[in-house]
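Report on the following structure.
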Amino acid sequence: MLTLPHCIPLPMDEEQRLRVLPSYDVPKQQSDADYDRIVELAAEIFDVPICLVTLVGEDSQWLLGRKGFNVSSTPRDIAFCTHTILTDQPLIVPDATGDSRFRDNPLVTGDDHIRFYAGAPLVSRDGVKLGAFCILDRVARADFSTTDLKRLVAFAAIVAERLEKRRLGRTGQIVTMLSEATGVANVTCDDAGRITWWNVAASRLFGFSASEAIGQQLDLIIPSRFQQAHAAGLARLIGGAPSTLNGKRVEVIARRSDGSEFAAELAMSIWQGPTGLEFGAHIHDITDRRQREIQLRHLASHDALTGLVNRGEFRAHVEQCFIDQQPAAVVALDLDGFKKVNDAFGHDAGDALLQMIAVRMIAAAEGGAVLARVGGDEFAMLLPACSDLLQIVSTAQQLLDAFIDAFVIGDHEVTVGASIGIALAPLHATEADELLVCADLALFRAKKQGGRSYCLFNATMASEHTARRAFKDEMRQAFERREWQLHYQPQVRLRDGALIGVEALLRWQHPTRGLLSPAAFMPILETHLVAYEIGCWVLGEACRQLGEWRNQGLTVNRVGVNLFAAQFRAGTLETMVSNTLMTHALQPTDLELEITETIAISHDDDALVPLQNLYNAGVGIALDDFGTGFASLSTLQRFPLTRLKIDRSFVHDIATDPHNAVIVQHVAAIGRGLGLSVIAEGIETIEQERMLLAIGCEEGQGFKYGKAMDGDTMARWIGHPLHGLASGTDRPVLLAGSAL
């Protein structure tokens with residue numbers, strides 16, 4: 001009898017097993033199409049790259065069905081399933097590198113790179129263990145749930161039953177057992193588009209019984225407006241054209257028996273049946289998921305208090321006018337006397353006033369206008385496709401008239417005014433940011449003239465506009481004169497205040513204006529030609545500083561660096577980062593690259609390849625200010641990320657504004673669900689910290705722990721004896737007086 005190496009014991013019924021196996025008449029040199037379909041579906045359900053049906057012979061294991069594995073057999077002594085057949089219980093190996101039975105296995109150490117394994121024995125009706133149904137992954141997995149275990153055992157039972165029917169010479173109803181075991185709606189059809197299979201889950205989803213559906217055209221569940229395209233696609237496949245959807249997940253609109261429509265996700269398979277092509281799909285209702293995406297997108301693009309669009313969304317609408325080469329007018333509005341209302345009656349009254357103002361502005365707006373709240377008491381209106389100056393001025397006057405009547409808040413009558421600035425495109429600007437600046441300059445002039453009036457941008461304001469252009473020129477000189485500096489803000493673990501990293505923040509030591517924070521120059525710098533050079537300098541200087549701290553004996557786990565869009569467009573990101581790490585003798589895990597939502601949504605999948613490669617190498621990728629832009633859940637799915645950063649605007653009022661608390665709670669839940677770390681910016685108080693901990697956010701940065709400081713001051717902060725005190729106390733921290 002065979003004796004296996006590495007002290008692998010043989011099953012008690014080994015001789016009986018080897019006698020029984022030939023009776024199943026399974027091919028040893030090729031997989032079986034029936035089982036290939038089973039493992040393909042299982043791989044989709046378990047979300048793993050490899051799924052196998054194995055039979056363990058005397059000296060080898062052969063693969064009756066395989067997905068993601070290119071060989072038809074392996075030596076028995078290296079097969080994981082050799083261990084699975086030793087008992088009646090499933091074998092789960094969360095991380096093979098930490099398991100003495102497998103860590104030296106060539107399947108683990110070699111090119112296959114197996115890390116995770118879960119297998120359930122295939123047990124015959126006579127109780128003989130023939131092999132295993134198993135799933136494998138190239139990354140360790142510690143989250144194999146009880147539900148996953150039950151599904152694994154169900155699949156093994158299905159395969160074992162199929163083997164028994166093969167042994168007995170009967171054709172089993174494998175599709176029935178499989179579909180009902182998984183609870184997924186499964187539908188198949190022939191090359192004429194007639195439904196040939198319809199399981200119970202499909203009946204529940206669509207409202208048609210199997211007897212009503214089978215034999216009908218697939219148009220039964222396809223909305224009429226899509227039926228012609230479906231028929232054309234089916235004809236192309238029958239004509240021999242390759243399928244671009246086979247094995248992929250796609251989102252479609254489906255129709256129920258009552259005529260109602262819903263969003264569905266389906267994974268389709270195509271195979272050659274006895275009479276021609278056959279098609280199958282398992283289908284999920286994703287209505288709830290779509291609704292969550294819509295809600296989150298609305299929260300990200302709208303002001304929670306007034307319901308108007310926010311600054312980022314408003315700018316996108318303005319930019320679209322330039323893309324479409326449409327004339328447009330931007331009307332910037334700022335309240336006169338709002339601070340007095342807040343001071344006299346409190347912030348609740350101020351919030352109520354802002355909501356009333358939004359309602360009056362909507363009533364005064366023309367059809368097609370886009371209204372936004374772009375700041376505390378700042379509003380804006382976009383009039384797209386509008387070049388009629390009389391109409392624009394009339395709209396501005398209607399807005400001013402909306403403030404004539406007092407606002408009633410509780411028992412108080414409150415009167416506030418407004419100042420308005422107007423800028424026109426293409427008369428005053430040729431790009432979105434420039435137009436917004438022109439409107440702001442006109443608004444500033446209206447306020448200087450006493451407020452409660454409107455002002456149209458004109459040539460007398462050109463000097464201020466020219467000053468902005470001069471500011472751009474100074475940026476080039478600043479790089480040449482080495483006026484750029486990096487300051488660093490500590491990032492801590494909230495539960496104990498332990499330092500987990502630092503974020504590098506750019507500062508400009510301007511020769512006449514002093515030390516400038518990003519708010520003063522970043523909107524201009526991001527679109528400047530010098531952005532790429534400065535971005536490369538920031539990366540190199542941050543890595544140099546980290547190396548210097550470590551040479552001083554200080555422990556800093558990582559440094560975070562903000563990337564510019566120009567660094568993506570250059571196409572050299574991967575090489576630049578790799579060379580910088582090598583120059584300063586750092587590891588990929590020492591660096592975290594921070595990207596904005598604008599970068600995330602404005603680059604296609606091909607542009608993400610360098611970032612994906614850096615992620616695979618161990619470089620951290622953080623999505624900055626999540627929730628303030630337009631990134632959706634699908635963006636998070638396709639983007640290689642390790643961390644989400646919650647914007648300080650949500651954190652500031654988290655203890656007083658339930659809307660912000662809901663947004664932070666949603667972002668933290670999304671991060672945890674995707675396996676990402678979540679860090680909150682702008683923490684200033686113990687109350688904010690405690691609420692974030694309760695929500696599930698475990699990391700943070702902000703003035704409570706330390707302002708941004710230069711490298712030397714940061715070194716003293718790291719070495720400060722009170723640095724490691726537990727969070728939740730008003731411990732002193734070392735702050736840089738000139739940093740913001």
Side-chain angles (χ1 to χ4, degrees), residues 1-39 42 50-93 96 99-102 104-108 110 112 114 117-136 152-172 174 177:
M1 182 183 295
L2 171 72
T3 302
L4 297 176
H6 309 301
C7 301
I8 302 175
L10 295 171
M12 297 294 293
D13 59 351
E14 179 66 2
E15 293 184 0
Q16 182 184 5
R17 265 184 10 88
L18 297 179
R19 287 197 305 270
V20 167
L21 278 173
S23 66
Y24 288 89
D25 191 29
V26 294
K28 296 185 179 181
Q29 300 305 319
Q30 61 184 21
S31 60
D32 185 290
D34 286 344
Y35 299 105
D36 282 347
R37 288 198 289 272
I38 295 173
V39 297
I50 302 171
C51 183
L52 307 172
V53 173
T54 72
L55 295 181
V56 180
E58 182 174 7
D59 55 6
S60 64
Q61 165 190 263
W62 65 91
L63 311 181
L64 185 58
R66 63 178 186 265
K67 163 72 174 175
F69 212 68
N70 293 328
V71 298
S72 59
S73 65
T74 67
R76 178 174 175 177
D77 63 328
I78 68 170
F80 283 57
C81 297
T82 301
H83 297 264
T84 304
I85 65 173
L86 295 177
T87 70
D88 295 328
Q89 302 302 317
L91 172 64
I92 311 298
V93 182
D99 193 309
S100 60
R101 296 170 295 179
F102 305 107
D104 297 325
N105 191 307
L107 294 176
V108 176
D112 294 300
I114 300 303
Y117 170 92
L122 302 177
V123 184
S124 73
R125 293 182 179 179
D126 300 324
V128 176
K129 288 174 281 297
L130 310 170
F133 181 93
C134 61
I135 58 175
L136 304 94
L152 185 72
V153 172
F155 271 102
I158 291 169
V159 172
E161 182 66 17
R162 181 70 180 86
L163 283 168
E164 290 302 314
K165 290 185 176 181
R166 173 194 288 271
R167 183 184 182 190
L168 297 174
R170 297 195 303 267
T171 302
I174 190 66
M177 294 184 292

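One-based numbering along the sequence shown.
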Looking at [Y], is its backbone amide N or carbonyl O close enough to the side chain of [X] to form a donor-acceptor pair, meaning the two atoms are under 3.5 Å apart?
| X | Y | answer |
| --- | --- | --- |
| D13 | V128 | no |
| S60 | P75 | no |
| R66 | C51 | no |
| D112 | I114 | no |
| T84 | L91 | no |
| R17 | K129 | yes |

Spacing of [X] atom [atom1] and [Y] atom [atom2] [to the nearest 0.5 Å]:
| X | Y | atom1 | atom2 | result |
| --- | --- | --- | --- | --- |
| L55 | I85 | CG | CD1 | 10.0 Å |
| L163 | L21 | CG | CG | 9.5 Å |
| L10 | E15 | CG | CD | 10.0 Å |
| T87 | M12 | OG1 | CE | 13.5 Å |
| I38 | F155 | CD1 | CZ | 8.0 Å |
| I135 | I50 | CD1 | CD1 | 11.0 Å |

Would you call the rings of H83 and F102 parallel, tilted or perpendicular if under 30° counts as parallel and over 60° as perpendicular?
perpendicular
Show the nearest heavy-atom pair for residues D77 and I8, with the distance to one decimal.
O-CD1, 3.6 Å
Quick test of your reading of the model: are R19 and E58 salt-bridged, counting only N-O distances below 4.0 Å?
no
Quick check on side chain to side chain contact (heavy atoms under 4.5 Å, CB included): which of L63, L122, D36 does V53 satisfy it with?
L122
V39 versus F133: any side-chain heavy-atom pair under 4.5 Å?
yes
